[in-house]
Amino acid sequence: MSNVHPYVGRAKSRVDGPLKVSGLARYAAEFTAPDLAYAAAAPSAIAKGRITSLDVSAALAAPGVIEVLSHENKLAFPEDDEPFKNDMVAVPGSPFRPFRDDRIHYSGQAIALVVADTHENARHAATLVKATYDAETPNVDVAAASHYQPPEPRDGIPPTPEPRGDAAGAFAGAPIKVSADYRVVAEHHNPMELQATTVVWEGDGRLLVHNKTQGVVNPKNYICSVFELDAEKVRFVSPFVGGAFGMALRPHYDVFLAVMASLKLERSIRLVLTRGQMFTMGWRPDCLQTVSFGADAGGRLTSIQHHAIQATSHYEDYQEPIVNWSGFLYDCDNVALKYELGKIDTPTPSDMRAPGATTGVFALECAMDELAYAAQVDPVELRLMNYSDRDKNDDKPFSSKELREAYRLGAERFGWSKRSPEPRSMLEGRELIGYGMATGCWEAMTMPHKARATLTADGKLEVACATADIGTGTYTILAQIGADALGLDIADVTSKVGDTALPMAPVEGGSWAAASAGSAVKDACETLKAELLNHARGIDGSPLANAALDHVVFANGRIALAADPSKAVSFAEILKGAGRDALDADGGYEPDKDFAKTYAGYTHAACFVEVRVDEDLGVVRLARVVSAVAAGKILNPLTARSQILGGVVMGCGMALHEETLWDKTLGRVMNASLGEYHVPAHADIPDIDVIFVDEEDGSNPLGVKGLGEIGIVGTAAAVANAIFHATGKRVRELPITIDKLL
Amino acid sequence: MMNFSYTRAETVADAIAAVAADPGARFIAGGTNLVDLMKYDVMKPERLVDITRLPLREIEATDAGGLRIGALVPNSDLAYDARIQRDYPLLASAILAGASAQLRNAATTGGNLLQRTRCYYFYDVATPCNKREPGSGCAAKTGVNRVNAILGTSEACIATHPSDMCVALAALEASVHVEGPNGPRVVPFAEFHRLPGDAPQNDNTLAHGEMVVAVELPAPRFGRNHTYLKLRDRLSYAFALVSVAAALDMDGDVIVDARIALGGVAHKPWRVTDSEALLKGKPATPDSFGAAADAILSGATGYGGNDFKIELARRAVVRALAQAVAGEPQVQSDKSVN
Amino acid sequence: MELDRLAAAEPNPVSIALTVNGVERRLDVPPTVTLLDLLRERLDLTGAKKGCDQGQCGACTVLVNGRRVNACLQLAVMNDGAEITTIEGVGQPDALHPLQEAFIAHDAFQCGYCTPGQICSALGMMSEGHAKTAAEIRELMSGNLCRCGAYGNIVDAIEDVMGRSAFKEAAE
Ligand SMILES: Cc1cc2nc3c(=O)[nH]c(=O)nc-3n(C[C@H](O)[C@H](O)[C@H](O)COP(=O)(O)OP(=O)(O)OC[C@H]3O[C@@H](n4cnc5c(N)ncnc54)[C@H](O)[C@@H]3O)c2cc1C
Ligand code: SF4
Ligand code: FES
Ligand code: FES
């Protein structure tokens, strides 16, 4: 690898690639210990009610079984909610805790934990746990629940905007009206890695925990809080995460139960949930929406109303910003937005890739397509005509918004101009061809992070932050930033994440990690540079004796005078002079509050999709996708593109395949497997073209806005709109499966 | 998974004797269905008799001009066998439409015939299911039944047989060679699987201890006029909502003989010979295809979530017949339906 | 020693011999142990991943006697005498297989969890020799799900290696 700077902004293959392609990257379930015992969770058969009796005798008597834990013999934990709210992603309500009592809140809830000598024995014994229940009738249908506005808003998400103007009046008087109901069904994240925890009992109450999580700090705080453990004695290390998409933001019952078993038995424990059990935790909640537009005869919006009713659990008020997007994505003075919840007998939903936007923008962007037809305006034209230059929800300018350019570049690459606007007007062979497009939008967020940079005498740099790399490329980006800062070959830079011994980071979510952890690493490196120069100046006869930071260049393992590179001191000499093996510096990043007060920060995308539909048989085939993204500075085009691809693919799954199916009587997920919950396979996914639009943004030192979510937002709407264009059928409930097109 | 004892059979006779002697015993071949079902106690054999070392891996020519396929021939080897590709492309295509490449590598011919339903409730031991636990009820009838049957159902069970390969074998009128404690017998394919009736726990007509040793194909006869059309919720690696195997004997534009079998709609591959008779001597027109489709689907009933299958199956039959007439069979890697 | 401890605690183990990544191993394994769990839990070869344990994702794909199969649905005892190649045997960071290199170059993964299965599956597919076009690669790789959505890059990486003449010859 040649030493070409800057690395930042250029394609760089993943620094963790060699470990991943050779199977050496270890995930949570893959750490071991000499005294390891295996745990398995026994699930509840009912969705609601009480356990009236629990018979674990057969399980206890089964070969290899060491212990069976349940609410009857759990390790005591606090009764009140507070300790369980030590979770950065907690939502209003009373957090679920396994084994709290005999109450069943959802089907599949863990009623017992079997610990045995082997995986096979634990799995078998878990099937021998027998319970009788006093069952109540569950409801898992949000439409059948009663609806209410959440009394306590969720922290960290924007509130539902107040109405402005007179949306109802403007709608009533509008020459063009569009109003329709949409439904986004329940989805589950289904990362490929199973939720898992390995607790290594290190003796004397010391725990080393490997947990599938989007940020080690969060489950550590939670575990220490709920089991009243000394934080000094608990370390979480999770260097690799096999996908998460939001499902591993909150601590789940695996880590709780595995730690409980480890503390109780004073030995190491592994608990790997089954794929079926992956459906007994967070999910993207079912959402009923109505969008109504009033527009003038030319298609200019005069009224926007968006009402959403979303599912949550009985014990917590999970919330998402569903309707907010409708208040600022297009320019309109009469806006009324309403967000309600309905409680059902399921686990609490959780953030899933672009929570809120994925759901809300689907309805908004389908409605825009309906308006385009009603007003007989080209869908891209319509969006340009209603383009907003100001976030009218908060009455702020955008920190940057190159969406216009995204529309232009996307349309051009896609060949949008070849579209004939009439539905059913494009045909090839038996297939109807549909071109559809939609806008995507996501909040550009950052969070406080800390980082450390350490230079060793051999000239190698380590940059470290407790954040996670869930596949997003954090390892690589941090190494790029470090290499650029000290002018090093990237091969001489190691990045470390996923360890609570490293400087603090929150969970990795909301697409904030690159901007925040990256800025923190950059800050640490800047401090380290200043310190290195300080030491260099102190060396006897130093050629840099009077040099200031802006007079020197860090390159090739040395600090040299910019004006005369022959005058230089090597890093090795500096460390030697300082009498140190290594020098380190801490850094941090705090979101710029003033900037956030002044500007609204969002990423945008324009997604274009071509579908082929065999109308007779209802078969939809994606032919190609172009996604043009405006998301600030792109640190690594290679990994950045992958993030968008991933979002688009998940959006395609949302549009065409994904749906969690509950039996309404049993209150139970019936397709809780990868065989019957269909995520897209190779054969479903066409060529996807990603365009990054140049965009300068000043919200953080890197100019980065985040890419993890934006790729999915709008994709499902673009697919649905393309299907309408192909067939003339407007399907407003996802997924668009064969039966809906017959 | 329950503990079980494991025996590796050296001869067919030993394998049969071992299973016949023990009501809790089962054969295991590729394991791709049985191991899955055992993991979460849907099936709980006490003894597994491993038949994978038995000499049942050959594909041999028969005196009748057909082929005899050993029960252990892996699905992928069968699909890519040169004789199968040349003379029974319908079978090759159906196999390649099923499961995934790695599953087909492990799955065997015999095991494919005996794979069990994919009814969601059958797989979930916490729910009532007459097939898994006779007498417990059938939760699918009023539950999530998108994947369930529309034809030949019973009060007790509305499950489908999930195989793709078997749909082609039904259309090709294969026969199944069985050996058992009471000696060998040959079962016509149509009689191999059964309808659920009041004993849905029995998928087929094999007695305990009987082993499938081979599947025999009659001499090839359908030339280029065939297709296997599979419709599903994802374009690959998903079970059929509806599939159609169609094979025609054509004389110019006139249909001399026809075979149509449906998958994903019933407890067994669904064939209605009367509907095939309707096509005989008829010109290959959409009208005659439609009449045949109606005849196949007569009596079809939906259970809510699977109502759409009735119309889908009708259209799929019409399309498949058109593909077969045109001599343009569906190519499984080509996702546009021709 | 790990194995001794386990063997002592378990009923009816069966003695088998396996060659794993070129190393012959004699093992006593209870019949309930799948090949995947044997590799991951008893041999500490965690490269083959468990994504479903039901044949529904392909993350556990390994080569058994050169053929790709789902290790989660194989009983270990039935593989007595087999030669198993896992991702660890395909290539190591200091000596990567061309396909592993191509995966890195094309960014054919994100979280990396499906990756060992994708690579083993692709190797199996190449030696099967039935995929000639991108559409055929897609179809014949469909048994390997990738929730990170790296599909396009995976196909590119495979095509890249298949296109290299050296590989073509070796496959012949
Ligand atoms: C994720 C997934 C997707 C799939 N998708 C499809 C699909 O789309 N289409 C499709 O057709 N199939 C599909 N399959 C099913 C697959 O084809 C079957 O699992 C396979 O054919 C079974 O063969 P096997 O040899 O592995 O059987 P095993 O699992 O070994 O056995 C299955 C049953 O047959 C019995 N048995 C096996 N051999 C004999 C014999 N010779 N005589 C008597 N009894 C015997 C066993 O006792 C057992 O009860 C899928 C499977 C999976 C896991
Ligand atoms: S349809 Fe058959 S397999 Fe499904 S639940 Fe009913 S009885 Fe069981
Ligand atoms: S773990 Fe084997 S296929 Fe998913
Ligand atoms: S790389 Fe994450 S699942 Fe494929």
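Computed over heavy atoms, backbone and side chain alike; hydrogens, waters and symmetry mates excluded. Here is how names work: the chains are called A, B, and so on, in the same order as the sequence lines, proteins then strands, and each is numbered from 1.
When heavy atoms are compared at a cutoff of 4.5 Å, A/V649 approaches chain C solely by way of its side chain, counted from C-beta outward. Residue contact with chain A, scored on non-hydrogen atoms closer than 4.5 Å, involves the side chain of C/L96 exclusively. Of the two parts of C/D156, neither the backbone nor the side chain holds a non-hydrogen atom closer than 4.5 Å to a non-hydrogen atom of chain A. Only the side chain of A/L24 comes within less than 4.5 Å of a heavy atom in chain C; its backbone stays farther off. For A/H124, no part lies near chain C; criterion is any non-hydrogen pair under 4.5 Å. The contact between C/S142 and chain A is made by backbone and side chain atoms together, counting heavy-atom distances below 4.5 Å. Using a 4.5 Å cut-off between heavy atoms, A/P191 contacts chain C through its backbone alone, with no side-chain atom that close. Heavy atoms of A/T274 lying under 4.5 Å from chain C are absent altogether. Neither the backbone nor the side chain of A/Y475 comes within contact range of chain C; no heavy atom of the residue lies under 4.5 Å from a heavy atom of that chain. For a residue to count as touching a neighbouring chain, one of its non-hydrogen atoms must lie under 4.5 Å from one of that chain's; by this rule A/Y27 touches chain C with the side chain only.
Contact count versus chain C (heavy atoms, under 4.5 Å) is highest, among A/P680, A/A25, A/G473, for A/P680. For chain C, the option among A/V272, A/L19, A/T639 with the highest count of heavy-atom pairs below 4.5 Å is A/T639.
Remark: side-chain polar atoms of A/R275 are paired, donor with acceptor, to backbone N or O of C/G51 under 3.5 angstrom. Of the possible polar contacts, none joining the C/K49 side chain to the A/G242 backbone as a donor-acceptor pair under 3.5 Å is found. A donor-acceptor pair under 3.5 Å links the side-chain atoms of C/R138 to the main chain of A/I685, judged by distance alone. The main-chain N or O of C/T32 is never found under 3.5 Å from a side-chain atom of A/E120 such that the two would form a donor-acceptor pair. The closest donor-acceptor contact from the side chain of C/Y113 to the backbone of A/L194 lies at 3.5 Å or more, if one exists at all. A donor-acceptor pair under 3.5 Å links the side-chain atoms of C/R147 to the main chain of A/H189, judged by distance alone. Side-chain atoms of A/S22 do not come within 3.5 Å of backbone N or O of C/E88 as any donor-acceptor pair.
Taking each heavy atom of C/C52 and A/L674 in turn, the nearest pair found is CB-CD1, 4.2 Å. Between C/Q54 and A/S673, the closest heavy-atom pair is OE1-CB, 3.8 Å.
A heavy-atom distance below 4.5 Å is not found between the side chains of C/I137 and A/H682.
Using a 4.0 Å cut-off between charged nitrogen and carboxylate oxygen, A/R14 and C/D107 count as a salt-bridge pair.
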